[in-house]
There are 2 protein chains.
Amino acid sequence: MPDPAVVLVEDEPQIRRFLRATLTGQGYRLFEATTGAAGLVEVGSRQPDVVIVDLGLPDMDGLDVIRRLREWTAIPIIVLSARGQERDKVMALDVGADDYVSKPFGAGELLARIRVALRHAAGATREGDETPFTVDDLHVDLLRRQVFVAGKEVHFTPIEYKLLTTLVRHAGRVVTHQQLLREVWGPAHTDQAHYVRVYMAHLRHKLEAEPARPRYLLTEPGVGYRLAADWSGSGRA
Amino acid sequence: MPDPAVVLVEDEPQIRRFLRATLTGQGYRLFEATTGAAGLVEVGSRQPDVVIVDLGLPDMDGLDVIRRLREWTAIPIIVLSARGQERDKVMALDVGADDYVSKPFGAGELLARIRVALRHAAGATREGDETPFTVDDLHVDLLRRQVFVAGKEVHFTPIEYKLLTTLVRHAGRVVTHQQLLREVWGPAHTDQAHYVRVYMAHLRHKLEAEPARPRYLLTEPGVGYRLAADWSGSGRA
DNA sequence: TGGCTTCTTCACGCCGCCTTTACGACGGGA
DNA sequence: TCCCGTCGTAAAGGCGGCGTGAAGAAGCCA
C-alpha cells in the first residue's frame, strides 16, 4: 500500500492543526474539510482509506454525515466527539461509524485505532495479494502454488518449490547462497552449500529447455543465483 | 444469521454476571471462560462471532491471549480493561484487538460496539460465498448441504462434509494440513495429521471413480491437499 | 438395552523426497 | 603445468509421508 489517505472532517482549527501534525508525521496523506458538506465532497473525490469525523460540525449533524456516507461506501469511519455520553456513542456506532473516540484523546490511541481500521480494510480487499509471476515461458502462481512451463503444469517437491519461490520473490536480483539456505532450509543449515547446487540442478531439469545453458536460473559465480526477470532475449544465444 | 455467539473471557464474577444478563437478554448465545487458557479452548471449539477479553486475567497476559488467537483466526476481539492508559490501548489494538473499552463502561456502549464487530464480520464473510460449486461430475451445494456425484446424491458424515466444504471454499488453491485440522477439528488438534489422511480416503471413496487415481482431491506432497477447480482434462491420461 | 453410525487410533507397506557422497568440468593463480 | 576452489551432475540409502484396512471407543436412536 502507498501512504494511506485520510479525510478529516473537523471545524476546530486547533484540533485540525494537532491532527495534521500527528498524521502527516506518520506518513499519512491528509485531506481536510471544515464542514459536513465539504467533507462529503472530499470523501467522494479522494476515496480515502479512513474518514475521521467530528460530531460537532457547524452546518449539519455529524450523524447525518455518517448516514450519507454509508449510503454508498464502507470506508471505515472514526468519530471524534467532545460528548462522551453513552447514547451519543451508541447512536453514532449504530448509524454506521466503526469507532468512537472521546475528546480529549491521545495521539497514540487515535493512531492505533486508525491502524485497526486499515487492517480491516486490508482484510476485506486482500487476496489479490500474491500476483502471479511470468517471464517468457515460465509462469509461477504463488497463490495456487502452481508452476507452468510453456503452458504445461510442472510438479515440484516442497524444497524445490520453496527454492523457486524464494528466487521469484527476488526476481532480477542476486540471491546469495547464504540467503537461500537460510530461507529454504532454515538458519541451522547455512553451511551446507551443496544443498543449493543439487536442488538448482533439479529446478533446471524441470523448467529449462537446455539445463546446461539456463535462460531463467542464472549462476552468479562466487555469490549465488539470480532468476532472470525481464526476458529480453539477451545473454548467450 | 441465527443468534450470534459470544465468548467472554473474564475472571471477575460480578462483571460476568452483569454481562451474562446484558448479552443473553439481547439474544446472544454466551459462552464463558474464567482463564486465558480456557478462553483459547472455548474460542476454538465454539467458533463464536465475537470474543470479549478482559486484559487482567489470573493465569496469563491478556495480550498473549489476543496474540494466540490471531495466529489462526480473524474473529473480532473486543478488549475490556480496568487500565485506561493510552499505552495499554495501543498495545492491545496493535497485537490484534479490534476495539478497546475501559472500565467502567455502559452496557449500551458495549452492545453497540459488538454490533459494529458483527457488521464487520458479516461484510468479511460475504463474497458470493454460498454459490454452488461444480467441477466436471462433482456438484456441491453449500446452501442445501447436498453433494452430487455424476448426478447422484451422496451422503457425508459431519466431519467428511466439513472437510469437503473447507476444500471447496479454497477450490484450486492448496490447503495445508494445519489449515484443514484447524478448520475441521479445531485448533486443539493441529498435531493429529493422520486424521486428515483417514478422512481424505473416505472422501475419495465416496466421490472419486478411481480412489487410487484421484481427479478432484489432489495430494500436494509435504504440504496439504487441493480440490481441482478447473477441470481441463489435464494430468495423467 | 441393542444395534447402528461415526469418530478415533493403530499398524503396515509403498513410494517419493531429502540427504549425502563421489566425480568430472571449468577457470584462476602460483 | 599443476593445484585448488567452485559448480554441475548422477546415484544410493534412509527416512518420513501417504494411503489403506481394520478394530476399538463413543455417541445416537429406537
Side-chain angles (χ1 to χ4, degrees), chain A residues 145 147 154-167 174-186 188-227 236, chain B residues 45 145 147 154-167 174-181 183-186 188-227 236:
Chain A
R145 200 185 187 280
V147 180
V154 180
H155 173 76
F156 288 86
T157 73
I159 288 199
E160 287 168 2
Y161 185 78
K162 208 164 180 188
L163 180 59
L164 177 59
T165 53
T166 303
L167 289 165
V174 177
V175 189
T176 66
H177 303 121
Q178 292 299 314
Q179 242 175 306
L180 291 171
L181 285 164
R182 200 164 353 99
E183 297 194 28
V184 177
W185 280 269
H189 300 78
T190 44
D191 49 341
Q192 320 271 325
H194 49 281
Y195 286 11
V196 183
R197 290 211 306 278
V198 172
Y199 271 86
M200 203 56 66
H202 291 173
L203 287 189
R204 282 181 175 148
H205 258 96
K206 290 192 174 180
L207 52 76
E208 297 278 5
E210 293 179 275
R213 254 173 305 147
R215 289 154 64 184
Y216 306 115
L217 301 167
L218 311 177
T219 303
E220 213 66 42
V223 188
Y225 294 86
R226 181 164 54 94
L227 178 64
R236 39 238 130 194
Chain B
S45 58
R145 202 187 185 283
V147 181
V154 180
H155 171 75
F156 287 88
T157 75
I159 288 198
E160 287 169 2
Y161 184 76
K162 205 164 181 187
L163 181 59
L164 177 59
T165 53
T166 302
L167 289 165
V174 176
V175 189
T176 66
H177 303 121
Q178 293 298 313
Q179 245 175 305
L180 291 170
L181 285 164
E183 297 194 26
V184 177
W185 281 269
H189 300 78
T190 44
D191 49 341
Q192 319 273 325
H194 48 281
Y195 286 12
V196 183
R197 290 212 305 277
V198 172
Y199 272 85
M200 202 57 65
H202 292 172
L203 287 188
R204 282 183 175 145
H205 260 96
K206 290 192 174 180
L207 51 76
E208 296 278 5
E210 293 179 275
R213 253 175 305 149
R215 288 154 64 184
Y216 307 116
L217 300 168
L218 311 177
T219 304
E220 211 66 42
V223 188
Y225 294 86
R226 176 219 313 269
L227 178 64
R236 41 235 129 194

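Below, chains carry the letters A, B, ... as their sequence lines are ordered, and counting in each starts from 1. These numbers were taken from a predicted model, which means no experiment stands behind them.
For B:I159, taking side-chain heavy atoms from C-beta onward, the closest of the listed nucleotides C:dC18, C:dT20, C:dC7 is C:dC7. With distances taken from any side-chain atom of A:V198 to the nucleotides C:dT6, D:dT9, D:dG21, the minimum falls on D:dT9. Set against C:dC7, D:dG8, C:dT19, the side chain of A:R204 has D:dG8 as its closest nucleotide. Taking the side chain of A:H194 as heavy atoms from C-beta on, and the options D:dG19, C:dT19, C:dT21, the nearest nucleotide is C:dT21. Candidate nucleotides D:dT20, C:dT6, D:dT9 were compared by shortest atom distance to the side chain of B:P158, and C:dT6 ranks first.
Atom CG of A:L203 is separated from atom P of D:dC7 by 16 Å (rounded to the nearest Å). B:Y199 has its OH atom 15 Å from the C1' atom of D:dT20, to the nearest Å. Remark: P of D:dT9 and NZ of A:K206 are 15 Å apart, rounded to the nearest angstrom. Taking atom NZ of residue B:K162 and atom C1' of nucleotide C:dT6, one finds them 15 Å apart after rounding to whole Å. For the pair B:H155 NE2 and C:dT5 P, the interatomic distance rounds to 9 Å; values are reported in whole Å. Rounded to an integer number of Å, the gap from CG of A:L217 to C1' of D:dT9 is 16 Å. Spacing between atom OH of A:Y161 and atom P of C:dC17 amounts to 16 Å, rounded to whole angstrom units. Here the P atom of nucleotide D:dG8 and the CZ atom of A:R213 are 15 Å apart, to the nearest Å.
In this structure, CG on B:L218 lies 10.0 Å from CE on B:M200, to the nearest 0.5 angstrom. Between the OH atom of A:Y216 and the CG atom of A:L227 there is a distance of 9.5 Å, given to the nearest 0.5 Å.
Nearer to the 5' terminus of DNA chain D, by closest-nucleotide assignment, is the contact made by B:T219 (compared with the other of B:T219 and B:H202). Each of B:T157 and A:R197 was assigned the nucleotide of DNA chain C with the nearest heavy atom; the assignment lying further toward the 5' end belongs to B:T157. Comparing B:Y195 and A:F156, the nucleotide of DNA chain C nearest to each residue sits closer to the 5' end for B:Y195.
Here the two rings, on A:H177 and A:Y225, have centers that are under 6.0 Å apart.
OP1 and OP2 of C:dT20 both lie 4.0 Å or more from every side-chain N or O belonging to A:H189. Phosphate proximity of C:dC7 to B:W185: absent, as no side-chain N or O sits under 4.0 Å from OP1 or OP2. Between A:Q192 and C:dT20 there is a side-chain polar atom (N or O) within less than 4.0 angstrom of OP1 or OP2. Under 4.0 angstrom from either OP1 or OP2 of D:dG19 there lies at least one side-chain N or O belonging to B:Y225.
The pair A:K206-A:E160 meets the salt-bridge criterion, since a charged nitrogen lies less than 4.0 angstrom from a carboxylate oxygen.
At least one side-chain heavy atom of B:L181 sits less than 4.5 Å from a side-chain heavy atom of B:Y195.
Contact annotation for A:H205: backbone-only contact, meaning every heavy-atom pair under 4.0 Å involves sugar-phosphate atoms and none involves a base. Using a 4.0 Å heavy-atom cutoff across all strands shown, B:H177 reaches sugar-phosphate atoms only and no base atom.
Of the N and O atoms on the side chains of A:T219 and A:R197, not one donor lies less than 3.5 Å from an acceptor on the other residue.
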